[in-house]
S.K.: 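Structure in structure tokens, see below.
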Protein chains: 2
Amino acid sequence: MTSRNTPTRRHLLAELENTDRPVSAAELHQALVSAGLDVNKTTVYRQLDALVAEGLASELDLGEGIRRYELHHDNGEHAHFICTECGDVYCLPVDETVLARGCKEAEARGFAVTSCSLELRGVCSSCAAREAH
Amino acid sequence: MTSRNTPTRRHLLAELENTDRPVSAAELHQALVSAGLDVNKTTVYRQLDALVAEGLASELDLGEGIRRYELHHDNGEHAHFICTECGDVYCLPVDETVLARGCKEAEARGFAVTSCSLELRGVCSSCAAREAH
DNA sequence: TATACTATTGCAACTCATTTGCATTTGCAA
DNA sequence: TTGCAAATGCAAATGAGTTGCAATAGTATA
């Protein structure tokens, strides 16, 4: 037997489907609690681990000191932009050839590349607009 | 007044200069202690923060749950390859145009990109060789 | 439908990197 | 020298994530 259809899992998947940006365990836990589900934080962590192990979700670390999760996209690789002002994370589509070329040097050294991510930091348009008072 | 020339700072800079891969605060602390310097871990963290603030070093998070530091290289941007077997981190030179193209999409959305990093994961050549017994 | 097996959950305690408050020490400029 | 801000050490706190264990609840099977 594998994963069971529990309330936590259902809500977690629903929550992941409803966001277009990677979310943290804490954010997910908060969302489930707000939705009236009395779920423990530990359970959220374990369910997320399970989803990742099953290949339904992927885990990412954007250098904030926490992990974020997102459902697997079939629509190819993408980059992440993190706004250093508001902390918002945006997913950006990236030309496959960009990442492929980035891997070239690693492969030339005999490294087998299994995953590849491009991470951008800066100020998002909303914050830039706000600062221009 | 700004940064003072303290023993911790001197040794820390020397240690950072002597490695070709990003090092963690714990590794640096261990190195200083091994070198006979009785330095507190907190001090190492604070000195590293200072070096980053001064622009001498840069901080990076490779998704290991810890932060790594490296001296600023003038020789352009580079990518990091993390071996999922042995945990070793390698710096790889990257064609500037690769990163520039990766930023294009972000800039098209009105985001001001200030930093950009490419992170690769996979198996390094040593581990691959070892596994082929 | 009842039963049994195993995945899932909650709770509390734990780990571990990093931070913080505060009193003390120490570069360094005047 | 002297004074003062920067740097340090120590202990305690923070916060994300993990673990052991007993209790609960899906689900396959009889």
Side-chain angles (χ1 to χ4, degrees), chain A residues 1-16 21-70 82 84 87 89, chain B residues 1-16 21-70 82 84 87 89:
Chain A
M1 200 180 311
T2 1
S3 56
R4 287 176 177 172
N5 183 19
T6 65
T8 305
R9 184 185 174 88
R10 277 194 301 277
H11 284 79
L12 216 45
L13 281 169
E15 203 55 47
L16 282 167
R21 53 167 258 176
V23 281
S24 67
E27 284 167 353
L28 286 166
H29 177 247
Q30 182 51 49
L32 300 208
V33 168
S34 298
L37 196 66
D38 181 24
V39 63
N40 192 279
K41 209 174 271 189
T42 306
T43 303
V44 172
Y45 278 110
R46 285 196 273 228
Q47 270 296 341
L48 285 171
D49 284 348
L51 292 178
V52 170
E54 290 167 48
L56 285 176
S58 54
E59 187 180 283
L60 54 137
D61 186 325
L62 303 175
E64 307 159 289
I66 58 170
R67 287 184 206 145
R68 293 187 171 275
Y69 299 84
E70 62 183 0
I82 304 106
T84 52
V89 179
Chain B
M1 202 178 310
T2 0
S3 56
R4 287 176 179 173
N5 182 21
T6 65
T8 305
R9 185 184 174 91
R10 278 194 300 276
H11 284 79
L12 216 46
L13 280 169
E15 201 59 40
L16 282 166
R21 52 167 260 175
V23 282
S24 67
E27 285 167 352
L28 286 166
H29 177 246
Q30 182 52 49
L32 300 208
V33 168
S34 298
L37 196 66
D38 181 24
V39 62
N40 192 279
K41 209 176 270 186
T42 304
T43 304
V44 172
Y45 278 109
R46 285 196 272 227
Q47 270 296 340
L48 285 171
D49 283 350
L51 291 177
V52 170
E54 291 166 49
L56 285 176
S58 55
E59 186 181 285
L60 52 138
D61 186 326
L62 303 175
E64 308 160 288
I66 57 170
R67 285 185 208 145
R68 294 187 172 276
Y69 298 83
E70 61 183 1
I82 303 106
T84 52
V89 179

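In what follows, every chain begins at residue 1, and chains take the letters A, B, ... in the order their sequences are listed.
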S.K.: For R21(A), check salt bridge (charged side-chain N to carboxylate O under 4.0 Å, His left out) against everything at least two apart and list the hits.
M.R.: E27(A), D88(A)

S.K.: Between C1' on dC16(C) and CZ on R67(A), what's the gap in Å once rounded to a whole number?
M.R.: 12 Å

S.K.: Where along residues 6-14 of chain B does a heavy atom fall under 4.0 Å from DNA chain C?
M.R.: none

S.K.: Measure the angle between the two terminal helix axes of the helix from dT1(C)-dA30(D) to dA30(C)-dT1(D), five base pairs each, and quote it to 10°.
M.R.: 30°

S.K.: Which residues within residues 21-40 of chain B lie with some heavy atom under 4.0 Å of an atom in DNA chain D?
M.R.: D38(B), V39(B), N40(B)

S.K.: Using the side chain to side chain donor-acceptor pair (under 3.5 Å) criterion, which residues pair with E59(B)? Sequence neighbours excluded.
M.R.: none

S.K.: Keeping the roles fixed (side chain from H29(B), backbone from N40(B)), state whether a donor-acceptor pair exists under 3.5 Å.
M.R.: no

S.K.: Using a 4.0 Å cut-off on heavy atoms, which residues in residues 44-57 of chain A reach DNA chain C? List them by number, or say none.
M.R.: R46(A), Q47(A)

S.K.: Tell me every residue that passes side chain to side chain donor-acceptor pair (under 3.5 Å) with E70(A), counting only those two or more places apart in sequence or in another chain.
M.R.: H78(A)

S.K.: Holding to side-chain contact (heavy atoms from CB on, under 4.5 Å), I want the full list of residues that pass it with E54(A), two or more places apart in sequence or in another chain.
M.R.: S3(A), R9(A), A50(A), L56(A)

S.K.: For the NZ atom of K41(A) and the CG atom of L32(A), what is their distance to the nearest 0.5 Å?
M.R.: 12.0 Å

S.K.: Under 3.5 Å, is there a donor-acceptor pair between the side chain of H11(A) and the main chain of P7(A)?
M.R.: yes

S.K.: Is the base of dA5(D) touched by the side chain of R4(B) through a donor-acceptor pair closer than 3.5 angstrom?
M.R.: yes

S.K.: Could you pull out the protein-nucleic contacts involving nucleotides 13-15 of chain C (nitrogen or oxygen on both sides, under 3.5 Å)?
M.R.:
none

S.K.: Figure out the NZ/P separation between K41(B) and dC10(D), and round it to whole Å.
M.R.: 13 Å

S.K.: Under the side chain to side chain donor-acceptor pair (under 3.5 Å) rule, collect the residues that match up with D38(A), sequence neighbours excluded.
M.R.: none

S.K.: Answer yes or no: is there a side-chain heavy-atom contact under 4.5 Å between Y45(B) and Q47(B)?
M.R.: no

S.K.: For R68(A) and dA16(D), give me the distance from atom CZ to atom P, rounded to whole Å.
M.R.: 12 Å

S.K.: Considering only heavy atoms from C-beta outward, does the side chain of L13(B) approach that of L51(B) to under 4.5 Å?
M.R.: yes

S.K.: Going through the checks in order, is the side chain to side chain donor-acceptor pair (under 3.5 Å) test met by Q30(B) and S34(B)?
M.R.: CA-CA 6 Å; Q30(B) 182 52 49; S34(B) 298; 3.0 Å; yes

S.K.: Run the side-chain contact (heavy atoms from CB on, under 4.5 Å) test against R46(A) and tell me which residues pass, sequence neighbours left out.
M.R.: T42(A)

S.K.: Are the side chains of L62(B) and D61(A) in contact, using a 4.5 Å heavy-atom criterion?
M.R.: no

S.K.: Can you name the side chain to side chain donor-acceptor pair (under 3.5 Å) partners of E64(A), sequence neighbours left out?
M.R.: R68(A)

S.K.: Could you check whether any side-chain heavy atom of L60(A) comes within less than 4.5 Å of a side-chain heavy atom of Y69(A), counting everything from C-beta outward?
M.R.: no

